[in-house]
Amino acid sequence: MIDSEFRNKIHQLMAGVPAGNVTTYGDLAAFAGHAYAARAVGMIAHYGDESLPWHRLVNRFGGLASGYYGGREVQAVMLEAEGVKISPEFVVEKFKDRRWQPKL
DNA sequence: CGAGTGACCGCAA
DNA sequence: ATTGCGGCCACTC
């Protein structure tokens, strides 16, 4: 269910992220209309939804976020299962190349 | 109803 | 180059 347009955008973009790619909070927030609302994206991810592929969400450095269900290790495994290589430090390898952009 | 927190990012000094 | 601060939205107590 979608109420706020901001959340709607996040849902749409998040659901549109193809497996094997990752996106960042800043990009989602920017495409949602608020480049400085990256924080809100994280909140929506944690409290707003639970059935979306949030494991494809990474921070600006390409590192897995914290507070994820189960822990970063689970998220890392999930990403690897989709074809994304994760470094031992929980950082997406070639993140710059794997960084998926909503539309651009 | 009001206030605070929270999975972040960008800029300024 | 590094450190510190501000700002957005949503959800909870």
Practice item. Determine the Euclidean distance between corresponding P atoms of B:dA7 and C:dT3; express it in Å to zero decimal places. Key: 22 Å

Review point. If we take the P atom in both B:dT5 and C:dC5, what is their distance in whole Å?
Key: 16 Å

Distance check needed: [N] [atom2] versus [X] [atom1], whole Å only.
X: A:Asp49; N: C:dC9; atom1: CG; atom2: P; result: 17 Å
X: A:Met43; N: C:dC11; atom1: CE; atom2: P; result: 10 Å
X: A:His11; N: C:dA10; atom1: NE2; atom2: P; result: 11 Å
X: A:Arg39; N: C:dC11; atom1: CZ; atom2: P; result: 16 Å
X: A:Leu52; N: B:dA7; atom1: CG; atom2: P; result: 19 Å
X: A:Glu50; N: C:dC11; atom1: CD; atom2: P; result: 12 Å
X: A:Tyr25; N: C:dC9; atom1: OH; atom2: P; result: 18 Å
X: A:Tyr36; N: B:dC8; atom1: OH; atom2: C1'; result: 13 Å

Exercise for review: Taking all heavy atoms of A:Ile44 and all of A:Trp54, pick out the closest pair and write down the distance.
Suggested key: O-CZ2, 4.4 Å

Study note, to complete from the structure: What one should report as the nearest heavy-atom pair of A:Leu13 and A:Pro102 is CD2-CB, 3.2 Å

Closest to side chain of [X], choosing from [options]:
X: A:Tyr47; options: C:dT12, B:dA7, C:dC9; result: C:dT12
X: A:Ala38; options: C:dC9, B:dC8, C:dA10; result: B:dC8
X: A:Trp54; options: B:dC9, B:dA7, C:dC9; result: B:dA7
X: A:Arg60; options: B:dG10, C:dC9, B:dA7; result: B:dG10

Practice item. Examine C:dC11: is either OP1 or OP2 under 4.0 Å from a nitrogen or oxygen in the side chain of A:Arg7? Give yes or no. Key: yes

**Study point:** Basic-acidic side-chain contact under 4.0 Å: A:Arg98, A:Glu93
**Key:** no

Point to revise | Candidate pair A:Leu79 and A:Val22, rule side chain to side chain contact (heavy atoms under 4.5 Å, CB included), full reasoning | key: CA-CA 9 Å; A:Leu79 289 168; A:Val22 292; 3.9 Å; yes

Review point. So, the side chain of A:Glu80 versus the backbone of A:Lys85: is there a donor-acceptor pair under 3.5 Å, distance only?
Key: no

Practice item. Give one of base, sugar-phosphate or nothing for A:His46, where a contact means two heavy atoms less than 4.0 Å apart. Key: base

